[in-house]
Each structure stands twice: as structure tokens, then as C-alpha cells.
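Throughout, a chain's letter reflects where its sequence line sits, starting with A, and its residues are numbered from 1.
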There are 2 protein chains.
Amino acid sequence: MSNIRDVAREAGVSVATVSRALSDPDKVSQTSLNKVHSAIDKVGYRPNMLARSFRSAKSYAVVVLVPDITNPFFSQVIRSIEDRAQQKGYAVLLGDTRGILEREKEYIRRVETRLADGVIQLRPDEPEKQSSYMPEGVVCVNACGCESTKGPRVRIDNRGAAKAVVDYLISLGHKRIGVISGLKDNPHTIDRLAGYKEALAGADIAFDKSLVAEGDFTTWSGLNSAKQFCTMTERPTAIFCMNDEMAIGAIQTLKSHGLRVPEDISVTGFDDISYARYCDPSLTTVAQPAEEIGKLAMDMLLRLIEGEELAQEENVLPAEFVIRKSTGVPCKD
Amino acid sequence: MSNIRDVAREAGVSVATVSRALSDPDKVSQTSLNKVHSAIDKVGYRPNMLARSFRSAKSYAVVVLVPDITNPFFSQVIRSIEDRAQQKGYAVLLGDTRGILEREKEYIRRVETRLADGVIQLRPDEPEKQSSYMPEGVVCVNACGCESTKGPRVRIDNRGAAKAVVDYLISLGHKRIGVISGLKDNPHTIDRLAGYKEALAGADIAFDKSLVAEGDFTTWSGLNSAKQFCTMTERPTAIFCMNDEMAIGAIQTLKSHGLRVPEDISVTGFDDISYARYCDPSLTTVAQPAEEIGKLAMDMLLRLIEGEELAQEENVLPAEFVIRKSTGVPCKD
DNA sequence: TTGTAAGCGTTATCAT
DNA sequence: ATGATAACGCTTACAA
């Protein structure tokens, strides 16, 4: 393995000149530049980036904290982050935490120990717990923010989007609208439930606690939670699911109980993962701008790493309400 | 930012003792150990891992090359790789290449420049092109190998699995069996097509080129490729799709042409992504052991990085044929 | 424009 | 068991 000294010797210049030729070519004469480059080819030199990072005290890496990378929404955001990072010469360290706080901390430790320059968090932090564990000096932007999220963040208007969905269901004539939510304390659940309640209130429909089933954003939980609606004496005519995966699970359950979607019951999702378009019936849902979210979060983090000021701590991106085939007018029993 | 020298001063010992206390505690007296640890707490010391990596010439990172991380099969494998890596103290650098060779090379360059210790490749290499571009000294294991794959690899028996699928369709009575393949030159396509042909040959059914539609493993390509089967004068009674995403796309097309699955036409997939269980009808498919694949590939790479011998260059893992609701006896027209 | 040389924070060798 | 010190490969004042 040849190093910069070998190149210098071969080229007949000093190591400083070689170093400059690589990182700041303008400061070097054309003659030296040529000598250096042919020397590099000759000895097969590859700069040791570990040494460079060490010396310049920057790792040019960011860690992405994600509860579950197999969630299609998350993987889309990550793809976008990676794309942007690559463009800017940064590496992405994957931190699939499976929701385990301990693993999250291990990854955050990597930036304390200089292996990464910052963090992008894809989990909405629960307000009380958040600030407590992000150490001093670790820069972090949350790419899945909520109204309660502190610090640099990008988010969509979850409440508004949820309200739009439920407003639409109400406009179709639905009055008994069930909910399959995420975990009770999850900020996304809180924001989206607020939107649901706002829509109800706007139409003078009383909030009925028994119409809210708690899931955890997995398909399996949607599948399960939907069961209780099937066996209700007074069944809801529509179900607002807080993500697409639960909606897909719910539809599965409804079908197996002999209910047709949307003729007997309407179902809506949230996220617009790619399967939302291909499931049967295709899903009425809220399209999150995954691409934009990732790109923006990465750009914000980069600015933070460079020590620059953020134009704004919070960036709220528009989400699009997409009407497909899983919603229709309520059945009249 | 305090360093090892600050700790040494605070503890009243030498830097060597501090270093040993951290990386090889057995070599240090209990007294020194205590002094060191309280000094560490006092000055808020975090070891500079970049310096450690630099000094020991190991980055403790591996890059994972994946054509598209939003593909659920890949993200499952990656989750498993990440899990194993984390256990072993390694970081995972995400290399989403989008199938672009140039990006792949940029990532491979990271191991040449010491930012990573090895590579896990999730793309089946095309035989002629493969060896040419993986530089000397870069260790790599292919986690999605095929029969033509060279070098350390883990794979399933694609040909055997495909044959099992088609054997099953034949056993149901199908004789005209369509195929939606991946790109023609993709080794997975080659292996699985070989299995298809073997099954046909075993039942004395002539291979009919017109029954093979070329896709590219995306849902959209499945959706498109299926169209040509719908309009055929003599339609196949079953379609063997080379992955689940194309099968889901195909089913979508068939339905929109008024065909029922499986009553009018059977469809099979490959991979067993989680959505295969939840689509309508649920998909008969081949379950790849994604978890095992990732874990094994990581273990092999680790051994390679440590300079150890591999017990075997090739590891063939069992795949399971899963029968669900998308297949049935052929319709009799 | 170029060269010399002093670090960066750690590990490892060699004494003690 | 502990300490002094020389690397590791690079960047960057500072000099020339």
C-alpha cells in the first residue's frame, strides 16, 4: 500500500505538493500537477481517507436512525437521503434501531466518537423523552417531525392531512368513521387524531372513543384491529387508518369477513407507499413527499455540520391527498 | 474535546495506561483502572474512533451495495446484515446504486481508500463483467448469488426453486404456462428460466418462446408485461413471475381485464416479500430466507476481513415453496 | 510555487 | 504493571 510519501518521491516533489495537488490543485503549478498525477498512476496510490478524516477531524458520514428499514416509506426517505449524501461526498451509516432506545444510543455514540458528523432521525420523538438523551454537540435533524417535535425538523402537516381525509369521508356522507391509530403516545398518532377530531367537530359529529382502535403501524396490527369493527353491532361505514400498511391489513380482515371495500365500508391509508396503488382496491391515502423530505433533511443537516445557521428550524412540506378506489359513499343498511 | 492525554494527566498515569485500560483492561491494575475511569468521567472523555481506526488501519465498516433499497426483499436482507454488523461492532455504509455502475465503483472506492473494510453485493453479477472491476485487495461477498457467480457468495437454488413452482403448476393440470422474467441477461433470470424449462421438459411440454415476457423486476414491468398475455388468442392458464412485485403488477392487469385469479388464471411470485401474504389473492411464491442470507453473508465477509479462510466459497441456502391463494386448477375453456 | 516540519489522537514497542 | 516515545498518513502553518 503506497502512501503520499511514495508518490512524492516518485514525482520528485514534496509531500506537501502532492497533498495540495489532490485537495487544492489551483495552488500547484501545471508541471508539478502532471508529475504528481503520473506518479500516482505509476505507484497505484489511493489516498488514505481515514488519515484525512482523522487529520481534518471530520468523518464525512451521517447516521440515519430508522425504526425499521423494511417499512417502504422509510426506505424511500432513506434512498433520497443517500442520494443527496452521495452528491455531497458524505456516506450514510445505516442505523436500523428496531425501536430500541439502546441501539439508538449506540449509534448516536458514533458521532460522539467522531465516526459520524451528524444524525438524521426518522422516528418522531416523544416530547418528554427527546431532549434528554441527545448529547451536547451532536447535531440532529428529525425528518419525521410532528407538532411537538423540538429542534431542527422537517415534517408534513399531519393534523391538516388527517383532517382532509376525514373531511372527504364526511363529504361522502359517512358519519360513523372508525380509526386505526398508531401507538397512543406516538406523536404522529396524536397529530393525526387531532385532525380526525377537528373534522368531526366541523361536521357536528360527536367523538366516539369506541371507534378508535390502537395499532402500531404494522400490517399485522391493522389486520387485528380491524376485527373489532367487523363484529360491532353498529359498524362504522368507513375506517381512517393512520398508515397504508395498517389499511392493507384492515382491508384483508374486512374481506375475510365478507365485507366489500368500498361498497360496504370505506378505508383510507396514510403515506402512499408504492403498494397503495397496486392493492385491491387501490388505496385512498395521503401522499407524503418522501423524496423531498429526505433531501431537505440532508441539506439541513449538512448546513448544521458546516456550522451555518438554518433559515428556519422547522420545514413543513405539503402532502397530497390521493383519492383512489377504497372509498365511496356509505352503504345504507 | 478532551483526549487521552487529558485523561492520563487527570488520572496521574501515562497515556499508555489509559489506552490499555480501555482496549485491554486485563493488562492494567485495578487501582489504575479505577483512576482512569473516574478521570474519564471527570473530563467527559470520548475516545476518538477516527484516530483509532486510522492507527489500526481498520475502519470497522462495510459497504452494502444494493440496486434499490425500496425493494422489500433487499431491505430485509439489509436489516439482517445491519443487525449482524452491529453485534460485531461494524457499521453499515449504505450504497444504493440504482443499478448505476459508476455509483457502484464510487462505493467500492471507499474500501480502496480505507473508509470501509469490505463489500456485500446484493446484485447478481453478470459473469463477464464481474471480475473485471472489483479491484485487487477488495474483499467482497455476493449475497444474491447465482450459478454463474464467482467468488465468495451465498445463494439459493434458483433453478430448483423455479422448477418446484412450475412442477406444482403442472401438477395442477396447467400446460400453457407463461413467464414474466427479469431482464434477459440477469443471472437470476437465467437460473430461474432454466428451472422453468426443466419442469416443462420433465412433463414433455414444449418450450414456447412466445410465452416468455421480459420484465425488469419492478411492479410496473409486471403490470405491463401481463398485458400481452391478456390479449393472446390462446391465453396461458398460469403465469410464473420471477418476483413478487411483478406478480402483483400482473395480477392488477389481469383483474382489470376482467380475469379472475386463480379461477381464470393462476399467478406465482418469487421472494415472499411481506406484502405477498396480504395481496388479493395472497401469493403462491418462493420464500427466500432473507434473514439467513444477510447474516451468513456478513459472517463470511467478517471472516474474509480478518484474513481467515472460508469453509466454503459458496453457501446454498434452502428456499421454501409457499402455496397460497393465487394458484388453482386451470380453467377449462 | 514549493518545501520543511509540526502536529492530529491513538496504539504498540520497548524499556523499566 | 507502567511509562516514554515512535510511528500511522495526512494537512497546514511557516519559511524560503
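Proximity note for Ser32(A) (side chain, C-beta onward) versus dG3(C), dT10(C), dT1(C): the nearest is dT1(C). Listed nucleotides dT2(C), dC10(D), dG3(D) differ in distance to Arg52(A); the shortest reach to its side chain belongs to dC10(D). In the set dA4(D), dG9(D), dG9(C), the nucleotide with an atom closest to the side chain of Ala51(A) is dG9(D). Out of dG3(D), dT10(C), dT11(D), the shortest distance to the side chain of Ile4(B) is found at dT10(C). Minimum atom distance to the side chain of Phe54(B) is reached by dC8(D), of the listed dC8(D), dT2(D), dA4(D).
Phosphate contact (OP1/OP2 of dG9(C), side-chain N/O of Asn48(B), threshold under 4.0 Å): absent. For the pair Ser14(A) and dT2(C), the criterion of a side-chain N or O lying under 4.0 Å from OP1 or OP2 is not met. The side chain of Ser56(B) contributes no N or O atom lying less than 4.0 Å from OP1 or OP2 of dC8(D). Taking side-chain N and O atoms only, Ser19(A) has a distance below 4.0 Å to OP1 or OP2 of dT11(D). For the pair Arg55(B) and dA12(C), the criterion of a side-chain N or O lying under 4.0 Å from OP1 or OP2 is not met.
Between Phe54(B) and Phe54(A), the ring planes are parallel. Angles under 30° get that label, and only those over 60° would be called perpendicular.
Recorded end-axis angle for the helix from dT1(C)-dA16(D) to dT16(C)-dA1(D) stands at 30°, based on five pairs per end and rounded to 10 degrees.
Residues Val15(A) and Val15(B) both approach DNA chain D. Their nearest nucleotides, taken by heavy-atom distance, put Val15(B) toward the 5′ side.
Across Val111(B), Val138(B), Ile305(B), a single residue satisfies side chain to side chain contact (heavy atoms under 4.5 Å, CB included) together with Asp117(B), and that is Ile305(B). Among Ile293(A), Val62(A), Val141(A), Val92(A), the one residue that satisfies the side chain to side chain contact (heavy atoms under 4.5 Å, CB included) test with Met298(A) is Val62(A).
Atom CZ of Arg9(B) is separated from atom P of dA4(D) by 13 Å (rounded to the nearest Å). A straight line from CG of Leu22(A) to P of dT12(D) spans 13 Å, rounded to a whole angstrom. If you take CG of Leu115(B) and P of dG9(D), they are 15 Å apart, rounded to a whole angstrom. In this entry the distance linking NZ of Lys27(A) with P of dC14(D) reads 15 Å, nearest Å. dT10(C) atom C1' lies 11 Å from atom CG of Leu50(B), rounded to whole Å. The CE atom of Met49(A) sits 13 Å away from the C1' atom of dT11(D) (whole-angstrom rounding). Taking atom CG of residue Asp26(A) and atom C1' of nucleotide dT1(C), one finds them 13 Å apart after rounding to whole Å. If you measure from atom CG of Asp6(A) to atom C1' of dC8(D), you get 13 Å, rounded to the nearest angstrom.
Donor-acceptor pairing under 3.5 Å, judged by distance alone, is present between the side chain of Arg20(A) and the base of dG3(C).
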message = Using the rule given for side-chain contact (heavy atoms from CB on, under 4.5 Å), can you reason through Glu314(A) versus Glu147(A), listing the C-alpha separation, both sets of side-chain angles and the distance that settles it, and then say yes or no?
response = CA-CA 10 Å; Glu314(A) 172 172 88; Glu147(A) 299 189 357; over 6 Å; no
task = Carefully, step by step, assess Cys144(A) and His188(A) under the rule side-chain contact (heavy atoms from CB on, under 4.5 Å).
result = CA-CA 9 Å; Cys144(A) 294; His188(A) 282 139; 4.0 Å; yes
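Other residues, nucleotides and ligands place more than 12 heavy atoms under 6.0 Å from the CD atom of Gln87(B).
For the side chain to side chain donor-acceptor pair (under 3.5 Å) condition, the pairs that include at least one residue of residues 291-301 of chain B, sequence neighbours left out, are Arg84(B)-Asp299(B).
Val316(A) places none of its side-chain heavy atoms less than 4.5 Å from the side chain of Ile156(A).
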